[in-house]
Amino acid sequence: MSGGVSIVWFRRDLRVEDNPALAAGVRAGQVIAVYIWAPEEEGHYYPGRVSRWWLKQSLALLDSSLKNLGTSLVTKRSTDSVASLLEVVKSTGATQVLFNHLYDPLSLVRDHRMKEVLTNNGIAVRSFNADLLYEPWEILDDKGRPFNTFTEFWDRCLSMPYDPESPQLPPKKIISGDVSKCPSETIIFEEESEKGSNALLARAWTPGWSNADKALAAFMNGPLLEYSKNRRKADSATTSFLSPHLHFGELSVRKVFHLLRIRQVLWANESNTAGEESVNLFLKSIGLREYSRYMSFNHPYSHERPLLGHLKFFPWRIDEGYFKAWRQGRTGYPLVDAGMRELWATGWLHDRIRVVVSSFFVKVLQLPWRWGMKYFWDTLLDADLESDALGWQYITGTLPDGREFDRIDNPQFEGYTFDPNGEYVHRWLPELSRLPTEWIHHPWDAPEYVLQAAGIELGSNYPLPIVKLDAAKSRLQEALAQMWQYEASSRAILENGLEEGLGDSTEATSLIALPQDMDEMDMDENAIRATTHTTTTIRHYEDQMVPSITTSLLRGGEEEEESSSDVGNQAEDSRAEVPINQGMDDTRMGRTDDMQQVNDITAALRNMDDLQAESSNTSGSMRERDGGVVPVWSPSTSSFNETFAGEDSTYLQRHPQSHQLVNWRRLSQTG
DNA sequence: CTAGATTTCTT
DNA sequence: AGAAATCTA
């Protein structure tokens, strides 16, 4: 036993405490800790600037912790993490590879392949749960099927016959394997152009597992008690700020859960109801994180496809201008705009405001949710594929327990509940800083003299509402009517057995692609315009699907047309595009049946082989339909950055202490 | 005290 | 929008 060398493959479990893979390695003998940076494998989901910044800090801290324990972190730069892992194994003479589970679709496929490759090479592979209270396959209903609503899921989690594993302490000492033949490679996490902006982040955040632990303690001993009371204020400092730590696995959810439970019992004994309620609420947000993994595991396409198909024919607006206005915080709705500017400036957004801006995005602007999700991915410090997919699908209403699609939230009213005194808006929208609270969430209603006194000229230094709310409501109705009509004709085509129906169906079924990726964003603006201008105003009668990003990974980008293969094809279709044989007058009708079907299929797909077969299949069927219109955006080239920085002096001078996150102006002065 | 109004919450 | 919780006369 003591002679064995184990590779511990770190991914999003960047901690030494309660890390089962690491613990197993230590128990087995010598350990070689490895981190492989292969972002190209993530396809569209190459981590954004702030996310990479966090990762860099976190790895540095992990390395120093490992050094204190007797080894160090071997880092590798790769475009094929499985191949790199195999190299590491060979150069170190390791006999086993240990890692902790991930549940995003890319990792599921990659890890499956990794297991296969290594096993074929005679290497033992062992994997563990380090990210969840319970593995997704442990939480099933009475018939042994996965749940489809959060409440049911979470109830079951909380009433499981056995508790989640107790958190383990860090190892006292690690016996290092010989890494002399396996040198670390330097990983570049930030481009030169990003360093300036990144420097600001360090003033507000301290990544790394030991800091995560401190953040947890600070939250538990402070804001947690008031969590239920304060959680709905846009700029309150009462959120936990743990999400980036949790995303990178710097913090063990099981530890969080454990400590929360202890605290809960304590407060229950003191009959501290406010405290109890707070704990329950906070636990629920942990539960949502669990649920996002659960959904991703059971429905590996939930990051790119709606779970329910009832909006399949919704005419999403392919409108670059709307998209840009939203990103830059120039929609004319102060609460939305403040949120978007905070996001851009700090990489952070209060949970409530995430709901506000994303709901606005989908319902008022009618933009395809995957664009919004991609933007969140690129800009959020806690960008998390599973959580964000769940969130956006929830907002869009494509989950069984999602919001109703035809309900539009009113940012003006939301403004007065989440930001009653307008402080949040004042902070992030310097151009409105002199507008009284009475008008702060609806400047378009303010009398001319008020606007003048506040130095606001609507339509010039602050926009008028990009879409009026009553217009948004009727537009939504129109869009739904179109959707039903399109649905009906599509069904007619199917029933008539026509291969190609309406003349415009090619256009109609073309895909709405994601916004441009990083490498394309630096393109000449004219070139971009040339590729997009003809179609920017056209509505697309199709879901926002893209070819599966797992394709390139599996087949090196070229997959055969294998539609004949197996269940996969059918399964894929039913999941992505729930049959539209009902629900003409109720967008929600038929969802139970649909979900039933989805479930049956995914149950059959639990096996990784099927999953793999299916993903290649998907791309096969989607590929030739690619070519949707792609709006272009670029944080790095946006002029908004410069316009925004340094404008909000007055308010910040008045409230120097008032928020804990990045103070954009102050930081840019000193940094 | 209750019926009715009003506010809050919804994963 | 609709249910549930909270307020009020």
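Just so you know, these numbers come straight off a predicted model, no measurement behind them.
Spacing between atom CZ of Arg352(A) and atom C1' of dT8(B) amounts to 10 Å, rounded to whole angstrom units. Counting to the nearest Å, the P atom of dT11(B) and the CG atom of Asp409(A) are 14 Å from each other. Remark: C1' of dC9(B) and CG of Leu281(A) are 11 Å apart, rounded to the nearest angstrom. Between the P atom of dA1(C) and the CG atom of Asp406(A) lies a distance of 8 Å, rounded to the nearest Å. Rounded to an integer number of Å, the gap from CD of Gln477(A) to P of dA1(C) is 10 Å. Atom pair Gln393(A):CD and dT10(B):P shows a separation of 20 Å (rounding to whole Å applied). Rounded to whole Å, the distance from CZ on Arg407(A) to C1' on dC9(B) is 9 Å. With rounding to whole Å, Leu399(A) atom CG is found 12 Å from dT11(B) atom P.
Note on Asp18(A) versus Arg254(A): salt bridge recorded, some NZ/NE/NH1/NH2 to OD/OE distance being below 4.0 Å.
Residue contacts shown for Thr151(A) are limited to sugar-phosphate atoms, with no base heavy atom under 4.0 Å away.
Annotation: cation-pi pair Arg317(A)/Trp371(A) absent, no NZ/CZ under 6.0 Å from the ring centroid and within 45° of its normal.
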Counting only pairs under 3.5 Å, give me each side-chain donor-acceptor contact of residues 150-158 of chain A, with atom names and distances, residues two or more places apart or in other chains.
{"unit_1": "Glu152(A)", "atom_1": "OE1", "unit_2": "Thr149(A)", "atom_2": "OG1", "d": "2.6"}
{"unit_1": "Arg156(A)", "atom_1": "NH1", "unit_2": "Leu140(A)", "atom_2": "O", "d": "2.7"}
{"unit_1": "Arg156(A)", "atom_1": "NH2", "unit_2": "Asp142(A)", "atom_2": "OD1", "d": "3.2"}

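By the side chain to side chain contact (heavy atoms under 4.5 Å, CB included) test, Lys229(A) is found to be paired with Glu226(A), residues two or more places apart in sequence or in another chain being considered.
The aromatic ring of Tyr394(A) sits over the base of dT11(B), with ring centres less than 5.5 Å apart and planes inclined by under 30°.
Taking 4.0 angstrom as the limit, Lys229(A) places none of its side-chain polar atoms (N or O) nearer than this to OP1 or OP2 of dT8(B).
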